[in-house]
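Data block below; observations after.
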Amino acid sequence: MRDASLLGPWVRRFLMEHLIGERNLARNTQRSYRDTLRLLLPDVSRWTRQSIDRLTVTDLSADRVRQFLSELEEKRGCAVPTRNQRLAAIHALARFISLHAPELVEWCGQVRAVPFKKAPRALVTYLEKAEMDALLSAPDLTTAQGRRDHALLLFLYNAGARADETAQVRIGDLTLPQVPDRDLASVLIRGKGNKSGRYPLWAQTVRELAGLIHGRGPSEPVFLNRCGRPITRFGIHTLVERAAARRRSRCRPWPASASVRTRFDTRRRRTCCAPVWTSTRSVPGWDMCRWRRPTCTRKWIWR
(Lines give C-alpha, C1' and ligand atoms only; values in the text may rest on other atoms or scores of the structure.)
Protein backbone atom coordinates (compact mmCIF):
# COMPACT_ATOMS: atom_id res chain seq x y z
CA MET A 1 0.00 0.00 0.00
CA ARG A 2 1.67 3.21 -1.16
CA ASP A 3 -0.18 5.71 1.00
CA ALA A 4 -1.44 4.33 4.31
CA SER A 5 -3.50 7.46 4.92
CA LEU A 6 -5.92 6.80 2.04
CA LEU A 7 -9.13 5.11 3.08
CA GLY A 8 -9.91 3.30 -0.19
CA PRO A 9 -7.16 0.63 -0.04
CA TRP A 10 -8.07 -0.11 3.56
CA VAL A 11 -11.71 -0.63 2.61
CA ARG A 12 -10.72 -3.04 -0.16
CA ARG A 13 -8.47 -5.06 2.17
CA PHE A 14 -11.14 -5.06 4.86
CA LEU A 15 -13.86 -6.39 2.57
CA MET A 16 -11.84 -8.74 0.37
CA GLU A 17 -9.10 -10.02 2.69
CA HIS A 18 -10.24 -9.61 6.28
CA LEU A 19 -13.95 -10.51 6.15
CA ILE A 20 -13.56 -13.33 3.64
CA GLY A 21 -10.01 -14.66 3.98
CA GLU A 22 -9.25 -14.11 7.66
CA ARG A 23 -12.64 -14.20 9.37
CA ASN A 24 -14.67 -16.32 6.90
CA LEU A 25 -17.84 -14.52 7.96
CA ALA A 26 -21.25 -15.49 6.65
CA ARG A 27 -22.25 -13.99 3.33
CA ASN A 28 -25.06 -11.97 4.88
CA THR A 29 -22.56 -10.44 7.34
CA GLN A 30 -20.23 -9.56 4.48
CA ARG A 31 -23.07 -7.88 2.63
CA SER A 32 -24.14 -5.99 5.74
CA TYR A 33 -20.64 -4.57 6.24
CA ARG A 34 -20.40 -3.69 2.55
CA ASP A 35 -23.77 -1.92 2.60
CA THR A 36 -22.70 0.08 5.64
CA LEU A 37 -19.66 1.42 3.80
CA ARG A 38 -21.77 2.02 0.68
CA LEU A 39 -23.95 4.35 2.77
CA LEU A 40 -21.14 5.87 4.81
CA LEU A 41 -18.54 6.79 2.19
CA PRO A 42 -20.77 9.01 -0.02
CA ASP A 43 -21.85 10.95 3.07
CA VAL A 44 -18.27 11.51 4.22
CA SER A 45 -17.32 12.53 0.67
CA ARG A 46 -20.11 15.09 0.64
CA TRP A 47 -19.22 16.50 4.06
CA THR A 48 -15.50 16.81 3.26
CA ARG A 49 -16.09 17.93 -0.37
CA GLN A 50 -13.64 15.36 -1.67
CA SER A 51 -14.02 12.49 -4.08
CA ILE A 52 -14.41 9.08 -2.49
CA ASP A 53 -11.09 7.80 -3.85
CA ARG A 54 -9.23 10.72 -2.17
CA LEU A 55 -10.73 10.27 1.28
CA THR A 56 -8.23 9.68 4.07
CA VAL A 57 -8.65 7.55 7.14
CA THR A 58 -8.82 10.59 9.42
CA ASP A 59 -11.66 12.02 7.32
CA LEU A 60 -13.76 9.30 8.91
CA SER A 61 -13.72 11.02 12.28
CA ALA A 62 -15.79 10.13 15.32
CA ASP A 63 -17.94 13.24 14.84
CA ARG A 64 -18.76 12.24 11.27
CA VAL A 65 -19.60 8.74 12.42
CA ARG A 66 -22.06 10.20 14.94
CA GLN A 67 -23.53 12.42 12.22
CA PHE A 68 -23.92 9.40 9.93
CA LEU A 69 -25.71 7.43 12.66
CA SER A 70 -28.04 10.34 13.37
CA GLU A 71 -29.00 10.60 9.70
CA LEU A 72 -29.72 6.88 9.63
CA GLU A 73 -32.34 7.30 12.32
CA GLU A 74 -33.74 10.68 11.31
CA LYS A 75 -33.69 10.65 7.49
CA ARG A 76 -33.72 6.95 6.62
CA GLY A 77 -36.01 5.98 9.50
CA CYS A 78 -33.77 3.14 10.69
CA ALA A 79 -34.46 1.55 14.06
CA VAL A 80 -31.92 1.40 16.88
CA PRO A 81 -30.84 -2.21 16.12
CA THR A 82 -30.05 -1.21 12.52
CA ARG A 83 -28.11 1.80 13.76
CA ASN A 84 -26.08 -0.42 16.08
CA GLN A 85 -25.46 -2.91 13.28
CA ARG A 86 -23.99 -0.16 11.08
CA LEU A 87 -21.85 1.05 13.96
CA ALA A 88 -20.51 -2.47 14.55
CA ALA A 89 -19.27 -2.55 10.94
CA ILE A 90 -17.50 0.80 11.41
CA HIS A 91 -15.91 -0.43 14.64
CA ALA A 92 -14.68 -3.55 12.85
CA LEU A 93 -13.12 -1.44 10.08
CA ALA A 94 -11.38 0.83 12.60
CA ARG A 95 -10.04 -2.15 14.53
CA PHE A 96 -8.70 -3.74 11.33
CA ILE A 97 -6.92 -0.55 10.28
CA SER A 98 -5.33 -0.01 13.70
CA LEU A 99 -3.95 -3.57 13.74
CA HIS A 100 -2.04 -2.92 10.52
CA ALA A 101 -1.19 0.78 11.00
CA PRO A 102 -0.05 1.54 14.58
CA GLU A 103 0.14 5.26 13.82
CA LEU A 104 -3.67 5.26 13.52
CA VAL A 105 -4.35 3.65 16.91
CA GLU A 106 -5.45 6.97 18.40
CA TRP A 107 -7.93 7.52 15.58
CA CYS A 108 -9.24 3.99 16.08
CA GLY A 109 -9.78 4.64 19.78
CA GLN A 110 -11.82 7.76 19.03
CA VAL A 111 -14.03 5.96 16.48
CA ARG A 112 -14.55 2.93 18.67
CA ALA A 113 -15.49 5.21 21.56
CA VAL A 114 -18.75 5.98 19.76
CA PRO A 115 -21.17 3.93 21.88
CA PHE A 116 -23.96 1.60 20.91
CA LYS A 117 -27.44 2.81 21.73
CA LYS A 118 -29.58 0.71 24.01
CA ALA A 119 -32.73 -0.46 22.28
CA PRO A 120 -35.96 -1.58 23.94
CA ARG A 121 -36.68 -5.27 23.61
CA ALA A 122 -39.80 -6.03 21.63
CA LEU A 123 -42.38 -8.33 23.13
CA VAL A 124 -41.94 -11.83 21.69
CA THR A 125 -45.31 -13.13 20.49
CA TYR A 126 -46.41 -16.60 19.46
CA LEU A 127 -49.38 -18.62 18.25
CA GLU A 128 -51.33 -21.03 20.41
CA LYS A 129 -52.17 -24.50 19.07
CA ALA A 130 -55.72 -23.51 18.11
CA GLU A 131 -54.45 -20.43 16.30
CA MET A 132 -51.88 -22.43 14.37
CA ASP A 133 -54.51 -24.99 13.39
CA ALA A 134 -56.70 -22.15 12.13
CA LEU A 135 -53.82 -20.75 10.07
CA LEU A 136 -53.09 -24.17 8.57
CA SER A 137 -56.74 -24.55 7.54
CA ALA A 138 -56.71 -21.28 5.57
CA PRO A 139 -55.19 -22.44 2.21
CA ASP A 140 -57.51 -23.87 -0.43
CA LEU A 141 -56.38 -27.48 -0.85
CA THR A 142 -58.28 -27.89 -4.11
CA THR A 143 -55.70 -25.77 -5.97
CA ALA A 144 -51.98 -26.36 -6.58
CA GLN A 145 -51.04 -23.05 -4.97
CA GLY A 146 -53.18 -23.81 -1.94
CA ARG A 147 -51.49 -27.19 -1.47
CA ARG A 148 -48.11 -25.50 -1.78
CA ASP A 149 -49.12 -22.90 0.82
CA HIS A 150 -50.36 -25.57 3.21
CA ALA A 151 -47.16 -27.61 2.84
CA LEU A 152 -45.00 -24.55 3.46
CA LEU A 153 -46.97 -23.47 6.53
CA LEU A 154 -46.83 -27.00 7.90
CA PHE A 155 -43.07 -27.15 7.27
CA LEU A 156 -42.57 -23.86 9.13
CA TYR A 157 -44.62 -25.21 12.03
CA ASN A 158 -42.86 -28.57 12.07
CA ALA A 159 -39.22 -27.58 11.57
CA GLY A 160 -39.41 -24.19 13.28
CA ALA A 161 -37.25 -22.80 10.48
CA ARG A 162 -36.82 -19.12 9.69
CA ALA A 163 -38.30 -17.84 6.45
CA ASP A 164 -34.88 -17.45 4.82
CA GLU A 165 -33.84 -20.94 5.92
CA THR A 166 -37.03 -22.41 4.49
CA ALA A 167 -36.51 -20.66 1.17
CA GLN A 168 -33.02 -22.19 0.89
CA VAL A 169 -34.02 -25.81 1.57
CA ARG A 170 -33.22 -28.07 -1.39
CA ILE A 171 -34.86 -31.36 -2.27
CA GLY A 172 -31.55 -33.09 -1.56
CA ASP A 173 -31.70 -31.80 2.02
CA LEU A 174 -34.79 -33.91 2.68
CA THR A 175 -34.61 -37.48 3.92
CA LEU A 176 -38.07 -38.88 3.21
CA PRO A 177 -38.84 -42.55 4.01
CA GLN A 178 -40.99 -44.89 1.97
CA VAL A 179 -43.37 -45.39 4.91
CA PRO A 180 -43.80 -42.01 6.71
CA ASP A 181 -45.71 -43.48 9.67
CA ARG A 182 -42.97 -46.02 10.40
CA ASP A 183 -39.55 -44.75 9.30
CA LEU A 184 -37.62 -41.64 10.28
CA ALA A 185 -37.74 -38.47 8.20
CA SER A 186 -35.58 -35.39 8.59
CA VAL A 187 -34.45 -32.18 6.92
CA LEU A 188 -31.07 -30.47 6.84
CA ILE A 189 -31.45 -26.78 7.68
CA ARG A 190 -28.65 -24.27 7.14
CA GLY A 191 -29.08 -21.42 9.57
CA LYS A 192 -27.44 -18.11 10.35
CA GLY A 193 -23.68 -18.04 10.74
CA ASN A 194 -23.18 -21.12 8.50
CA LYS A 195 -24.67 -23.35 11.20
CA SER A 196 -26.39 -26.53 10.05
CA GLY A 197 -28.64 -29.01 11.79
CA ARG A 198 -30.83 -31.97 10.90
CA TYR A 199 -34.34 -31.98 12.39
CA PRO A 200 -37.18 -34.54 12.33
CA LEU A 201 -40.30 -34.26 10.21
CA TRP A 202 -43.78 -35.48 11.06
CA ALA A 203 -45.51 -38.08 8.92
CA GLN A 204 -48.07 -35.51 7.78
CA THR A 205 -45.30 -33.14 6.70
CA VAL A 206 -43.59 -35.95 4.79
CA ARG A 207 -46.78 -36.73 2.87
CA GLU A 208 -47.27 -33.07 1.96
CA LEU A 209 -43.66 -32.62 0.81
CA ALA A 210 -43.63 -35.88 -1.17
CA GLY A 211 -46.44 -34.62 -3.38
CA LEU A 212 -44.76 -31.25 -3.73
CA ILE A 213 -41.35 -32.51 -4.93
CA HIS A 214 -42.48 -35.48 -7.04
CA GLY A 215 -40.51 -35.75 -10.29
CA ARG A 216 -38.01 -32.99 -9.48
CA GLY A 217 -34.22 -33.08 -9.08
CA PRO A 218 -32.32 -33.00 -5.76
CA SER A 219 -30.67 -29.66 -6.52
CA GLU A 220 -33.96 -27.80 -6.94
CA PRO A 221 -35.53 -25.75 -4.12
CA VAL A 222 -38.38 -27.47 -2.31
CA PHE A 223 -40.70 -24.46 -2.42
CA LEU A 224 -41.37 -22.56 -5.64
CA ASN A 225 -43.55 -19.55 -6.32
CA ARG A 226 -46.41 -19.57 -8.79
CA CYS A 227 -44.00 -18.67 -11.62
CA GLY A 228 -41.90 -21.76 -10.95
CA ARG A 229 -38.99 -19.82 -9.47
CA PRO A 230 -37.48 -20.29 -5.99
CA ILE A 231 -39.60 -18.60 -3.35
CA THR A 232 -37.98 -15.86 -1.28
CA ARG A 233 -38.39 -14.91 2.36
CA PHE A 234 -40.53 -11.99 1.22
CA GLY A 235 -42.75 -14.40 -0.67
CA ILE A 236 -43.11 -16.50 2.48
CA HIS A 237 -44.05 -13.39 4.44
CA THR A 238 -46.74 -12.55 1.86
CA LEU A 239 -47.98 -16.14 1.98
CA VAL A 240 -48.45 -16.06 5.76
CA GLU A 241 -50.15 -12.67 5.61
CA ARG A 242 -52.48 -13.96 2.89
CA ALA A 243 -53.36 -17.05 4.92
CA ALA A 244 -54.07 -14.95 8.00
CA ALA A 245 -56.25 -12.52 6.03
CA ARG A 246 -58.19 -15.39 4.44
CA ARG A 247 -58.77 -16.94 7.85
CA ARG A 248 -60.05 -13.66 9.27
CA SER A 249 -62.56 -13.30 6.43
CA ARG A 250 -64.21 -16.63 7.15
CA CYS A 251 -67.35 -16.95 9.21
CA ARG A 252 -65.86 -18.82 12.14
CA PRO A 253 -64.33 -16.50 14.73
CA TRP A 254 -60.56 -16.14 14.75
CA PRO A 255 -59.00 -17.28 18.06
CA ALA A 256 -58.79 -14.80 20.90
CA SER A 257 -55.23 -13.57 20.40
CA ALA A 258 -55.45 -13.18 16.63
CA SER A 259 -54.28 -9.59 16.82
CA VAL A 260 -50.86 -10.73 17.97
CA ARG A 261 -48.29 -10.18 15.22
CA THR A 262 -46.27 -13.32 14.56
CA ARG A 263 -42.69 -13.35 13.35
CA PHE A 264 -41.04 -16.28 11.60
CA ASP A 265 -38.25 -16.58 14.18
CA THR A 266 -40.89 -16.50 16.93
CA ARG A 267 -42.64 -19.43 15.30
CA ARG A 268 -39.24 -21.11 15.15
CA ARG A 269 -38.85 -21.03 18.94
CA ARG A 270 -42.47 -21.82 19.68
CA THR A 271 -42.91 -24.85 17.43
CA CYS A 272 -40.19 -26.96 18.88
CA CYS A 273 -41.69 -27.00 22.35
CA ALA A 274 -44.62 -29.43 22.19
CA PRO A 275 -44.90 -30.82 18.63
CA VAL A 276 -41.27 -31.87 18.14
CA TRP A 277 -41.18 -33.41 21.61
CA THR A 278 -44.30 -35.43 20.89
CA SER A 279 -42.97 -36.70 17.58
CA THR A 280 -39.49 -37.70 18.79
CA ARG A 281 -39.66 -38.63 22.44
CA SER A 282 -40.14 -42.35 21.67
CA VAL A 283 -37.59 -42.52 18.84
CA PRO A 284 -34.06 -43.61 19.81
CA GLY A 285 -31.19 -41.53 18.52
CA TRP A 286 -33.11 -38.24 18.29
CA ASP A 287 -31.92 -36.77 21.59
CA MET A 288 -29.99 -33.95 19.93
CA CYS A 289 -32.97 -32.94 17.82
CA ARG A 290 -35.29 -33.31 20.79
CA TRP A 291 -33.38 -30.97 23.05
CA ARG A 292 -31.68 -28.46 20.83
CA ARG A 293 -34.63 -26.30 19.81
CA PRO A 294 -36.49 -26.34 23.13
CA THR A 295 -33.37 -24.66 24.55
CA CYS A 296 -34.03 -21.77 22.17
CA THR A 297 -37.67 -21.77 23.26
CA ARG A 298 -36.80 -21.23 26.90
CA LYS A 299 -34.34 -18.50 26.00
CA TRP A 300 -36.70 -16.48 23.81
CA ILE A 301 -40.15 -17.00 25.30
CA TRP A 302 -39.70 -17.60 29.01
CA ARG A 303 -36.58 -15.58 29.70
Parallel, tilted or perpendicular: rings of His91 and Phe116 (30°, 60°):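 Phe116 vs His91 ring planes: perpendicular.
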Geometric class of the Trp10/His100 ring pair [parallel <30°, tilted 30-60°, perpendicular >60°]: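 If you compare the ring of His100 with that of Trp10, the planes turn out tilted.
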Are the side chain of [X] and the backbone N or O of [Y] linked by a donor-acceptor pair below 3.5 Å?
X: Thr166; Y: Arg162; answer: yes
X: Glu220; Y: Gly217; answer: yes
X: Thr48; Y: Val44; answer: yes
X: Asp35; Y: Ser32; answer: no
X: Gln30; Y: Leu25; answer: yes
X: Trp107; Y: Ala62; answer: no

If you measure from [atom1] on [X] to [atom2] on [Y], what distance do you get to the nearest 0.5 Å?
X: Leu39; Y: Arg34; atom1: CG; atom2: CZ; value: 10.5 Å
X: Leu19; Y: Asn24; atom1: CG; atom2: CG; value: 10.5 Å
X: Asn225; Y: Gln145; atom1: CG; atom2: CD; value: 9.5 Å
X: Phe223; Y: Thr232; atom1: CZ; atom2: OG1; value: 13.5 Å
X: Leu212; Y: Leu154; atom1: CG; atom2: CG; value: 11.5 Å
X: Ser70; Y: Arg76; atom1: OG; atom2: CZ; value: 14.5 Å

Stepwise side-chain contact (heavy atoms from CB on, under 4.5 Å) check, Glu165 with Arg190: CA-CA 6 Å; Glu165 296 170 353; Arg190 298 174 180 85; over 6 Å; no
Report the residues that fulfil side chain to side chain contact (heavy atoms under 4.5 Å, CB included) with [X], sequence neighbours left out, ordered by chain and then residue number.
X: Asn28; answer: Arg31, Asp164
X: Thr175; answer: Ser186, Arg198
X: Ala203; answer: Pro180, Asp181, Arg207
X: Arg46; answer: Asp43, Glu71

Is there side-chain contact between [X] and [Y], with at least one heavy-atom pair below 4.5 Å?
X: Ile97; Y: His18; value: no
X: Leu152; Y: Ile236; value: yes
X: Val169; Y: Pro221; value: no
X: Leu201; Y: Val187; value: yes
X: Leu41; Y: Leu60; value: no

Chi angles and distances behind the side-chain contact (heavy atoms from CB on, under 4.5 Å) call for Asn84, Leu69: CA-CA 9 Å; Asn84 290 339; Leu69 297 175; over 6 Å; no
Glu208 and Thr205: CA distance, side-chain angles, deciding distance, side-chain contact (heavy atoms from CB on, under 4.5 Å) verdict: CA-CA 5 Å; Glu208 295 279 350; Thr205 309; 5.7 Å; no
Step-by-step side-chain contact (heavy atoms from CB on, under 4.5 Å) determination, Ser196 to Ile189: CA-CA 6 Å; Ser196 301; Ile189 294 179; over 6 Å; no
Of all the heavy-atom pairs spanning [X] and [Y], show the shortest one and how long it is.
X: Ala161; Y: Phe155; result: CB-CE2, 4.3 Å
X: Arg64; Y: Asp59; result: NH1-O, 2.8 Å
X: Tyr33; Y: Ala88; result: OH-O, 4.4 Å
X: Pro200; Y: Asn158; result: O-ND2, 3.3 Å
X: Ile20; Y: Met16; result: CB-O, 3.6 Å
X: Ile213; Y: Leu176; result: CD1-CD1, 3.7 Å

Same apolar cluster (I L V M F W Y, side chains within < 4.5 Å links), [X]/[Y]:
X: Ile52; Y: Val65; value: yes
X: Leu224; Y: Ile231; value: no
X: Trp47; Y: Leu87; value: yes
X: Val114; Y: Phe14; value: yes

Residue pairs involving residues 92-110 (criterion salt bridge (charged side-chain N to carboxylate O under 4.0 Å, His left out); sequence neighbours excluded):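 Salt bridge (charged side-chain N to carboxylate O under 4.0 Å, His left out) check on residues 92-110 returns no pairs.
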Within residues 142-158 or reaching into it, pairs that qualify as salt bridge (charged side-chain N to carboxylate O under 4.0 Å, His left out) - sequence neighbours excluded: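 For residues 142-158, and leaving out neighbouring residues, the salt bridge (charged side-chain N to carboxylate O under 4.0 Å, His left out) pairs sorted by first residue read Asp149-Arg242.
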Under 3.5 Å side-chain donor-acceptor pair for Ser51 and Asp53: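 Side chains of Ser51 and Asp53: pair found under 3.5 Å.
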From CA spacing to verdict: salt bridge (charged side-chain N to carboxylate O under 4.0 Å, His left out), Arg170, Asp173: CA-CA 5 Å; Arg170 304 283 172 175; Asp173 297 331; over 6 Å; no
Between Tyr157 and Trp202, ring centroids under 6.0 Å: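 So the answer is yes for these two rings.
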